[in-house]
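The structure appears right after this line, and notes come after that.
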Amino acid sequence: MAFDTIIRGGTVATASDTFACDVGIAAGRIAALGADLGSAGEIVDATGRLVLPGGIDSHVHLAQPSVPGIVMADDFESGTRAAAFGGNTMVLPFALQRKGQSLRQVVNDYHAKADGNCHIDVSFHMIIADASDRVLGQELPALVNDGYTSFKVFMTYEGLALSDLEILNVMAVARETGALVMIHAENYDAIRFLTDRLERAGKTAPAFHATSRPIPVEREATHRAISLAELVDVPLMIVHVSNREAMEEIRRAQQKGLKVYGETCPQYLVLTARDLEGLNMEGAKYVCSPPPRDAASQQACWDGLQQKVFSLFSSDHCPFRYDDPHGKLVPRGRTSFRWVPNGIPGVETRLPILFSEGVGRGRISLNEFVALTATNHAKTYGLYPRKGTIAVGSDADIAIWDAAREVTIAQSLMHDGTDYTPYEGFKVTGWPIATMVRGSFVVRDGKLVGAKGFGRYVSREKSPLAVPAGRVPLV
Ligand code: DUC
Ligand code: ZN
Ligand code: ZN
């Protein structure tokens, strides 16, 4: 058989194995793995390189409307471009509903933003902000059946937070439809209480963002979310976990046999609350929620990754420009951290940071790296084995890595729409040098070679991880 492409001479790693092997690609799929595969339209020399499944970043925000006056820095074009340079072949952004909006209309609006504009493949999670009978009874079940098989709910934020009763009702729909619930676990009232007091005391600089959301805020909400999911007997993904106490809540639930899963992100491994203390408004560059914490919390997140309490490592890329009145330097933000847009960029740096700090420093194996950054995302969100692995029949979504390349992360190297990286000056060893989606190069030798619009929307199956444990009959 002649292939379209053969990637020759590299070391292939999956979530379970590492082996020397050539990869034969035909019609966008992996058609053969082995030696001496024969002829191809193009032979790609990967001698001395790692050949890995392309990263799947299942937690990013692109073109998401914010409060009036604030503009997200990435649309689908720039966000997927940056993701491709960072070794990713698929991202899962959120389609954010506002109260009163039709969920179907929201999803259609995101399609209009994404379709024809993506460099890599995409699929959407929904964010449910309006837990009305119409949304939960009609729209949500229909959308889950149409392949939008996961959604996030918030326990904090004006206009987004759901009450416990609403969360229970949403969870019941997830259980009935087989969707996977993701949750942002922070206690809204506790944050409001602390924010009001800090403001009254004149403590309004960006650094007080972290003070307003200390660990108990996250731990309590994590515990409550798990308890609510246990009542409904529905699996639950706790996203962006930042510290030991929340991690231990998840571990305890897992040890009880509950289907509770965890995700952490680069900011919780290599940033701390000290980063928010930058002079003037520089600390705003690091304002995200939950906030980065301290060295002990960083270690806890590593423990969670190593001990498999966390199955996902995502970026939570939520980009705002810094030097911009529609971004981090919004005029109101100077009056209080309350108004600084919440979120930091990271879709391009997620993989190199975990590779360097994790694999390079011996904290995790190469196979664990692949699991945490690609395979588990595909398994969790109904994409496996089409995505997330290197196997015959899977999409040829591949990143070729130079494991020895030393890079000092700098904004001048980034390809997103922001004007800063929170990881400026951070040194890594290991860098993705080429990214291929469905057999076609999107990034090669440091250049964008794919066409905008090559990336497709991918409809998803229901997650096998979302099947209830069968512990409790739902009355
Ligand atoms: N939660 C996210 O998932 N991303 C950015 C901000 C937030 O609160
Ligand atoms: Zn969140
Ligand atoms: Zn997020």
Side-chain angles (χ1 to χ4, degrees), residues 56-67 70-74 79 83 91-98 110 122-129 150-162 167 170 180-188 190-192 195 206 209-210 212-214 217-218 221-222 224-225 236-243 246 250 261-268 271 276 284-293 310 312-321 327-328 330 333 337-347 349-350 377 380-381 416 418 422:
I56 300 175
D57 195 339
S58 63
H59 187 153
V60 306
H61 303 263
L62 301 177
Q64 188 174 290
S66 198
V67 295
I70 302 293
V71 180
M72 187 157 270
D74 276 316
V91 291
L92 281 81
F94 292 88
L96 170 73
Q97 181 198 35
R98 294 280 177 193
Y110 275 83
V122 299
S123 193
F124 304 135
H125 310 287
M126 299 170 286
I127 291 176
I128 314 294
S150 51
F151 46 79
K152 182 178 176 187
V153 294
F154 282 85
M155 299 173 85
T156 188
Y157 290 125
E158 184 75 35
L160 290 178
L162 300 188
I167 293 171
V170 170
L180 185 61
V181 183
M182 312 158 76
I183 198 142
H184 178 123
E186 288 186 300
N187 182 313
Y188 183 35
I191 294 167
R192 286 201 287 188
T195 300
H209 170 78
S212 74
R213 322 169 89 102
V217 164
E218 185 181 343
T222 303
R224 181 157 40 99
L236 182 64
M237 170 62 70
I238 316 272
V239 296
H240 49 48
V241 179
S242 74
N243 68 87
I250 298 169
Y261 315 110
E263 173 203 74
T264 193
C265 314
Q267 49 270 40
Y268 306 120
L271 301 179
L276 280 82
K285 291 179 175 175
Y286 304 90
V287 166
C288 62
S289 297
R293 303 202 185 267
F310 301 142
L312 300 183
F313 185 74
S314 309
S315 69
D316 196 3
H317 180 79
C318 188
F320 300 97
R321 288 172 55 80
K328 294 284 188 179
V330 61
F337 60 86
R338 187 198 287 263
W339 307 113
V340 174
N342 231 295
I344 63 175
V347 75
T349 45
R350 170 185 77 123
H377 298 255
T380 300
Y381 293 117
D416 62 16
T418 60

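Just so you know, ligand 1 is whichever comes first in the structure, and atom 1 is the first atom listed for that ligand. A quick note: this is a predicted structure, and the numbers were derived from the prediction, not measured. Residue numbers run from 1 in the order of the sequence given.
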Worksheet item: What is the closest protein heavy atom to atom 4 (N) of ligand 1, and at what distance does it sit?
Response: Asp316 OD1, 2.9 Å
Discussion item. Under a 4.0 angstrom heavy-atom cut-off, which atoms of ligand 1 come close to His59?
Written reply: 2 (C), 3 (O)
Discussion item. Can you tell me which residue among Arg213, Arg224, Arg293 is in a salt bridge (charged side-chain N to carboxylate O under 4.0 Å, His left out) with Glu218?
Written reply: Arg293
Item to complete: May I ask you to check whether His61 and Asp316 show a side-chain donor-acceptor distance below 3.5 Å?
Response: yes
Worksheet item: Under 4.0 Å from any heavy atom of Cys318, which atoms of ligand 1 are there?
Response: 5 (C)
Worksheet item: Do Tyr381 and His125 have ring centres separated by under 6.0 Å?
Response: yes
Practice prompt. With 2.8 Å as the limit, jot down which protein N, O or S atoms are around the Zn ion (ligand 3).
Written response: His59 NE2, His61 NE2, Asp316 OD1
Worksheet item: Does the side chain of Ile70 come within less than 4.5 Å of Val330's, by heavy atoms?
Response: yes
Practice prompt. Nearest heavy atom to atom 6 (C) of ligand 1 wins, so pick from Ile344, Asn342, Val60.
Written response: Asn342
Worksheet item: Is there a side chain to side chain donor-acceptor pair (under 3.5 Å) between Ser314 and His240 once you walk through the steps?
Response: CA-CA 8 Å; Ser314 309; His240 49 48; over 6 Å; no
Practice prompt. Indicate whether the side chain of His317 and that of Asp74 have a donor and an acceptor atom separated by less than 3.5 Å.
Written response: yes
Worksheet item: Touching ligand 1 at all, Tyr157? Heavy atoms, strictly under 4.0 Å?
Response: yes
Worksheet item: So, His59 versus Phe94, ring centres under 6.0 angstrom or not?
Response: yes
Item to complete: Say whether Glu186 and ligand 1 are in contact under the criterion: heavy-atom distance to a ligand atom below 4.0 Å.
Response: no
Worksheet item: How about Leu160 and Arg98: do any of their side-chain heavy atoms sit closer than 4.5 Å?
Response: yes
Worksheet item: Can you tell if the side chain of Ile127 reaches within under 4.5 Å of the side chain of Gln97, non-hydrogen atoms only?
Response: no
Practice prompt. Could you check atom 1 (N) of ligand 1 against the protein and tell me its nearest heavy-atom contact, residue, atom and distance included?
Written response: His184 ND1, 3.3 Å
